[in-house]
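The structure appears right after this line, and notes come after that.
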Amino acid sequence: QVHIVESGGGLVQPGGSLRLSCQASGDLFSRYVMGWFRQAPGKQRELVANISATKNTHYTDSVKGRFTISRDNAQNTVYLQMTSLKPEDTAVYYCYADLPSPWGTQNQADYWGQGTQVTVSS
């Protein structure tokens with residue numbers, strides 16, 4: 001299995017910034033679609049952003065212009081730079097790996113980590 005560890009969450013005020021980091025195992029890391037989803041109590045899981053093997057990116061509308069996803073394949077690491085944070089960004093953020101066939105199911109999170117809490121509050 002792919003082991004994923006997130007870090008970088010914390011408590012910030014509205015308008016503040018955080019940079020989340022995600023480290024994943026695997027020699028095939030550079031071929032994974034990597035991304036972040038978030039989940040808050042009482043809300044459905046929501047895709048935040050992802051980045052493909054060719055470094056195409058996708059963002060949920062609510063975070064466009066505020067969040068930036070990037071990856072460093074040499075370090076098996078993906079980042080989520082979060083700026084202009086809003087209270088509605090409060091959630092547990094999970095880093096996930098979407099493996100290509102036959103190693104995983106396309107277009108879904110095959111593996112994810114324990115999550116890191118992001119709280120945006122005055």
Side-chain angles (χ1 to χ4, degrees):
Q1 295 189 356
V2 176
H3 297 282
I4 293 173
V5 180
E6 304 98 331
S7 61
L11 173 64
V12 295
Q13 294 187 343
S17 299
L18 283 174
R19 191 190 196 197
L20 307 183
S21 297
C22 167
Q23 290 191 297
S25 66
D27 291 338
L28 246 49
F29 175 85
S30 64
R31 296 190 177 186
Y32 305 161
V33 173
M34 299 295 301
W36 297 86
F37 66 86
R38 63 189 180 186
Q39 193 156 32
K43 296 183 179 179
Q44 288 189 332
R45 165 176 155 177
E46 179 186 32
L47 174 72
V48 176
N50 60 36
I51 182 166
S52 74
T54 55
K55 294 185 169 58
N56 289 334
T57 58
H58 169 80
Y59 300 93
T60 296
D61 285 345
S62 63
V63 309
K64 285 181 180 177
R66 299 189 297 120
F67 292 8
T68 302
I69 189 169
S70 61
R71 66 193 298 164
D72 182 347
N73 289 339
Q75 298 292 325
N76 276 29
T77 302
V78 62
Y79 302 98
L80 186 68
Q81 179 67 51
M82 310 165 67
T83 63
S84 301
L85 283 161
K86 303 175 180 180
E88 49 263 47
D89 295 317
T90 296
V92 178
Y93 283 69
Y94 297 88
C95 177
Y96 73 87
D98 178 5
L99 274 59
S101 179
W103 299 280
T105 302
Q106 296 181 74
N107 302 316
Q108 74 172 31
D110 297 304
Y111 301 94
W112 57 89
Q114 83 289 346
T116 185
Q117 177 72 49
V118 173
T119 302
V120 185
S121 181
S122 298

Can you tell me how far apart [atom1] ([X]) and [atom2] ([Y]) are? Round to the nearest 0.5 Å.
X      : Y      : atom1 : atom2 : result
Thr105 : Gln108 : OG1   : CD    : 4.5 Å
Cys95  : Leu20  : SG    : CG    : 9.5 Å
Ile51  : Tyr32  : CD1   : OH    : 16.0 Å
Cys22  : Asp72  : SG    : CG    : 12.0 Å

Problem set entry | salt bridge (charged side-chain N to carboxylate O under 4.0 Å, His left out) pairs, two or more places apart, involving residues 34-43 |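 Output for this query lists Arg38-Glu46, Arg38-Asp89.
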
Shortest non-hydrogen contact between [X] and [Y], atoms and distance:
X      : Y      : value
Ile69  : Tyr59  : N-OH, 2.9 Å
Glu6   : Gly115 : OE1-N, 2.9 Å
Val120 : Thr90  : N-OG1, 2.9 Å
Arg66  : Leu85  : NH1-CA, 3.9 Å
Val48  : Tyr93  : CG2-CE2, 4.0 Å
Asp98  : Asn107 : OD2-N, 3.0 Å

For this session: May I have all residue pairs that pass side-chain hydrogen bond (donor to acceptor under 3.5 Å, both in side chains) and include part of residues 10-30, sequence neighbours excluded?
Result: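 Counting only pairs at least two positions apart or across chains, no side-chain hydrogen bond (donor to acceptor under 3.5 Å, both in side chains) contact touches residues 10-30.
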
Problem set entry | Shared hydrophobic cluster for Val78 and Trp103 (ILVMFWY, side-chain gaps under 4.5 Å) |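 Per the 4.5 Å side-chain linkage, Val78 and Trp103 are co-clustered.
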
For this session: Indicate yes or no: at least one non-hydrogen side-chain atom of Ser121 is less than 4.5 angstrom from one of Pro87.
Result: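 When only atoms from C-beta onward are counted, Pro87 and Ser121 do not touch, as no gap falls below 4.5 Å.
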
Problem set entry | Within-4.5 Å side-chain heavy-atom neighbours: Ser101 and Gln106 |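 Side-chain contact under 4.5 Å: yes.
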
Exercise. Would you say the side-chain atoms of Arg71 pair up with the backbone N or O of Phe29, donor to acceptor, closer than 3.5 Å?
Worked result: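 Such a contact is found between Arg71 side chain and Phe29 backbone.
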
Exercise. Who pairs with Thr54 by side-chain contact (heavy atoms from CB on, under 4.5 Å), at least two apart in sequence or on another chain?
Worked result: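 Testing Thr54 for side-chain contact (heavy atoms from CB on, under 4.5 Å), a comparison that skips the adjacent residues, returns Ser52, Asn56.
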
Exercise. Stepwise, does the side-chain contact (heavy atoms from CB on, under 4.5 Å) test hold for Asn50 with Trp36?
Worked result: CA-CA 6 Å; Asn50 60 36; Trp36 297 86; over 6 Å; no

Exercise. More than 12 heavy atoms of other residues, nucleotides or ligands under 6.0 Å from CZ of Arg45: is that the case?
Worked result: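 Yes, the 6.0 Å shell around CZ holds more than 12 heavy atoms from other groups.
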
Problem set entry | Neighbour count above 12 (heavy atom, 6.0 Å) for Gln1 CD |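 Counting neighbours around CD of Gln1, 12 or fewer heavy atoms of other residues, nucleotides or ligands fall under 6.0 Å, so no.
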
Exercise. Got a sec, which hydrophobics cluster with Tyr79, joining ILVMFWY side chains under 4.5 Å apart, including via others?
Worked result: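 Cluster partners of Tyr79: none, it stands alone.
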
Problem set entry | Residues that, via side-chain heavy atoms closer than 4.5 angstrom, fall in one hydrophobic cluster with Tyr94 |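 Besides Tyr94, the cluster holds Phe37, Leu47, Val92, Tyr96, Trp112.
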
Problem set entry | Residues Tyr111, Leu99; criterion side-chain contact (heavy atoms from CB on, under 4.5 Å); working and verdict | CA-CA 9 Å; Tyr111 301 94; Leu99 274 59; 3.9 Å; yes

For this session: Decide whether Gln81 and Thr83 meet the rule of one side-chain donor and one side-chain acceptor closer than 3.5 Å.
Result: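 No, because no side-chain N or O of Gln81 sits under 3.5 Å from a partner of the opposite role on Thr83.
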
Exercise. Taking only residues two or more places apart in sequence, or in another chain, which ones meet Lys55 in a salt bridge (Lys or Arg N to Asp or Glu O under 4.0 Å)?
Worked result: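 For Lys55 there are no salt bridge (Lys or Arg N to Asp or Glu O under 4.0 Å) partners, ignoring immediate neighbours.
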
Problem set entry | Pair Asp110-Val2, side-chain contact (heavy atoms from CB on, under 4.5 Å): steps then yes or no | CA-CA 9 Å; Asp110 297 304; Val2 176; over 6 Å; no

